[in-house]
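Okay, structure first, notes after.
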2 protein chains.
Amino acid sequence: MSALKTVLVPPADEEVSDSALERFLGYRMKRAFNVVQADLAETLKPFDLRMTSYTALVLIMENPGLNQSQLAAVMDIERPNLVVIVDELERRDLIVRDRLETDRRTYALSVTLAGRRLCETAMKAVEGHEARLLGRLSPEMRDTVAEAMILIRAGEAR
Amino acid sequence: MSALKTVLVPPADEEVSDSALERFLGYRMKRAFNVVQADLAETLKPFDLRMTSYTALVLIMENPGLNQSQLAAVMDIERPNLVVIVDELERRDLIVRDRLETDRRTYALSVTLAGRRLCETAMKAVEGHEARLLGRLSPEMRDTVAEAMILIRAGEAR
DNA sequence: TATTGTTATACTCTATAACTATA
DNA sequence: TATAGTTATAGAGTATAACAATA
């Protein structure tokens with residue numbers, strides 16, 4: 001039997017393949033989400049907002065009076081993580097926390113006039129960001145993706 | 001003019017709406033991705049792998065001899081962040097780093113037998129995870145989502 | 001008891017600058 | 001000088017336990 005030595009030939013950059021991960025949803029989603037995240041961060045930077053604080057602001061504007069537990073639930077984050085977000089929005093006078101007479105444990109959150117103005121301007125910028133990132137996708141494709149995201153999200157508990 | 005006092009009525013839990021974020025891709029993707037991430041983490045826990053280390057292992061198995069810069073590029077992460085991942089895979093004897101004669105700066109990465117075995121078992125588990133999470137999506141929908149993720153990813157630099 | 005908001009903490013992922021050794 | 005790998009570090013997101021005030 002002859003002695004064969006295996007020689008490891010490094011692939012050229014263009015030859016590196018990820019086809020074994022072709023059906024790997026997490027991998028594909030992660031890479032796409034990173035791009036979306038980075039572009040969104042740039043988009044929101046002029047408003048000094050991050051994705052989480054922007055989301056919170058929009059939801060408070062849409063649901064005046066909601067409390068932090070409700071907001072955390074809609075945003076799908078843990079309550080402790082919401083505290084710092086709400087703290088900062090309040091510090092910047094974009095929202096107010098009102099103690100309720102009926103239940104003095106909870107805060108009723110609502111936007112200030114400044115908060116509403118900033119939010120509406122930021123929403124326009126985010127529309128541009130969406131258009132930029134989804135430009136290559138057909139309208140049908142966008143709808144399908146949106147629907148799929150909701151279906152995946154809904155399939156959580158089983 | 002009569003003095004009207006605005007009373008803030010907190011919404012019931014079921015009434016909290018996020019329709020203002022309906023077309024907000026990042027928000028939808030984040031929520032879906034969180035679900036995928038959490039389920040994947042559970043799936044990979046028995047193998048003591050995380051999403052990043054699993055991805056690295058699969059890619060090294062598919063591209064024997066590639067170096068860390070190439071791997072980081074395919075995975076879309078920064079080189080410094082890859083070091084700890086490769087360190088751990090090497091420590092567990094799942095991969096080896098071979099110094100190349102031709103360029104002593106780079107490592108040629110490849111899986112060991114143990115690495116190949118663990119990877120192949122883990123890939124089967126990940127298939128189950130995919131089936132579980134994508135169960136509600138039609139095959140056409142899955143294809144569209146996969147394609148859309150690649151398109152979004154590709155639209156990065158513009 | 002249970003719930004709201006809070007503090008403290010820890011782990012992961014991500015990003016950048018600066019270093020070393022090789023080329 | 002440029003590149004591969006490395007170290008150190010910092011920021012952001014996420015998750016849990018435990019507490020005070022209130023119901």
Side-chain angles (χ1 to χ4, degrees), chain A residues 10 13 16 26-27 29-31 33-42 44-45 48-56 65-73 75-90 95 97-109 156, chain B residues 10 13 16 26-27 29-31 33-42 44-45 48-56 65-91 95 97-109 156:
Chain A
D13 281 1
V16 176
Y27 175 66
M29 280 186 73
K30 187 177 99 125
R31 291 173 54 119
F33 183 60
N34 280 357
V35 171
V36 173
Q37 261 281 63
D39 190 90
L40 182 65
E42 275 305 306
L44 292 176
K45 189 175 277 180
D48 209 1
L49 291 170
R50 292 188 305 277
M51 176 164 168
T52 45
S53 48
Y54 169 76
T55 307
L66 92 168
N67 64 38
Q68 296 185 192
S69 292
Q70 291 174 317
L71 182 54
M75 288 179 65
D76 239 352
I77 65 178
E78 297 302 315
R79 278 174 294 270
N81 297 324
L82 183 63
V83 174
V84 287
I85 299 168
V86 171
D87 276 352
E88 202 209 326
L89 292 176
E90 186 188 35
I95 65 165
R97 286 197 248 223
D98 286 317
R99 277 289 184 204
L100 281 185
E101 297 295 322
T102 50
D103 185 342
R104 297 183 45 75
R105 291 173 303 182
T106 78
Y107 287 119
L109 304 174
E156 181 182 24
Chain B
D13 282 1
V16 176
Y27 175 67
M29 281 185 73
K30 187 176 99 124
R31 290 174 54 119
F33 183 59
N34 280 356
V35 171
V36 173
Q37 262 281 63
D39 190 89
L40 182 64
E42 275 305 306
L44 291 176
K45 189 176 276 180
D48 209 1
L49 291 170
R50 291 188 306 277
M51 177 164 168
T52 46
S53 49
Y54 170 75
T55 307
L66 91 169
N67 65 38
Q68 296 185 192
S69 293
Q70 291 174 317
L71 182 54
V74 189
M75 288 179 66
D76 239 355
I77 64 178
E78 298 301 316
R79 280 175 293 271
N81 297 324
L82 183 64
V83 175
V84 287
I85 298 168
V86 172
D87 277 351
E88 202 210 325
L89 292 175
E90 186 187 36
R91 185 187 55 74
I95 66 165
R97 283 198 251 225
D98 286 316
R99 277 291 183 201
L100 281 185
E101 297 294 323
T102 51
D103 186 341
R104 295 183 46 75
R105 291 173 304 182
T106 78
Y107 287 119
L109 304 174
E156 180 182 26

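First the proteins, then the strands, lettered A, B, ... as listed; each starts at 1. None of these values were measured; they are calculated from a predicted model.
OP1 and OP2 of C:dT3 both lie 4.0 Å or more from every side-chain N or O belonging to A:Ser69. Contact between the side-chain N/O atoms of A:Arg99 and the OP1/OP2 oxygens of D:dT22 is not found at any separation under 4.0 Å. Neither OP1 nor OP2 of D:dT14 sits under 4.0 Å from any side-chain N or O of A:Arg79. The phosphate of C:dT22 has neither OP1 nor OP2 within less than 4.0 Å of any side-chain N or O from B:Thr106. When the side-chain nitrogen and oxygen atoms of B:Arg50 are compared with OP1 and OP2 of C:dC13, one or more of them lie within a distance under 4.0 Å. For the pair A:Lys30 and C:dC13, the criterion of a side-chain N or O lying under 4.0 Å from OP1 or OP2 is not met.
Rounding to whole angstrom units, CG of residue B:Leu82 and P of C:dT14 are separated by 12 Å. Atom CD of A:Gln70 is separated from atom P of C:dT3 by 14 Å (rounded to the nearest Å). Atom CG in B:Leu71 sits about 13 Å away from atom C1' in D:dA4, given to the nearest Å. Put simply, CD on B:Glu90 is 13 Å from C1' on D:dT6, counting in whole angstrom units. Nucleotide D:dA20 holds its C1' atom 12 Å from the OH atom of A:Tyr107, rounded to whole Å. Rounding to whole angstrom units, CZ of residue B:Arg104 and P of D:dT6 are separated by 14 Å. Atom P of nucleotide D:dA4 and atom CG of B:Leu66 are separated by 12 Å, given to the nearest angstrom. Protein atom CE of A:Met75 is 15 Å distant from nucleotide atom P of D:dA12, rounded to whole Å.
At a threshold of 4.0 angstrom between heavy atoms, the contacts of A:Ile77 are confined to the sugar-phosphate backbone, with no base atom among them. If you check every strand for non-hydrogen atoms under 4.0 Å, B:Arg97 touches sugar and phosphate atoms only. Residue-level contact check: A:Glu78 touches the bases, meaning some heavy atom is under 4.0 Å from a base atom.
Judged by distance alone, the side chain of B:Ser53 and the main-chain N or O of B:Leu49 form no donor-acceptor pair under 3.5 Å. A distance-only check finds no donor-acceptor pair linking the side chain of B:Glu90 to the backbone of B:Asp87 [under 3.5 Å]. Judged by distance alone, with hydrogens and angles left aside, the side-chain atoms of A:Arg99 form a donor-acceptor pair with the main-chain N or O of A:Arg105 at under 3.5 Å.
If you find the closest nucleotide of DNA chain D to A:Gln37 and to A:Pro80, the one lying nearer the 5' end belongs to A:Gln37. The residue among B:Asn81 and B:Asn34 whose nearest nucleotide of DNA chain D lies closer to the 5′ end is B:Asn81.
In terms of polar N and O atoms assigned as donor or acceptor, the side chain of B:Arg105 comes within less than 3.5 Å of the base of D:dT3 in a complementary pairing.
When each of A:Val36, A:Asp76, A:Thr52 is checked for a side chain to side chain contact (heavy atoms under 4.5 Å, CB included) with B:Lys30, only A:Thr52 meets the rule.
Side-chain N/O atoms of B:Tyr27 and B:Arg31 include a donor and acceptor closer than 3.5 Å.
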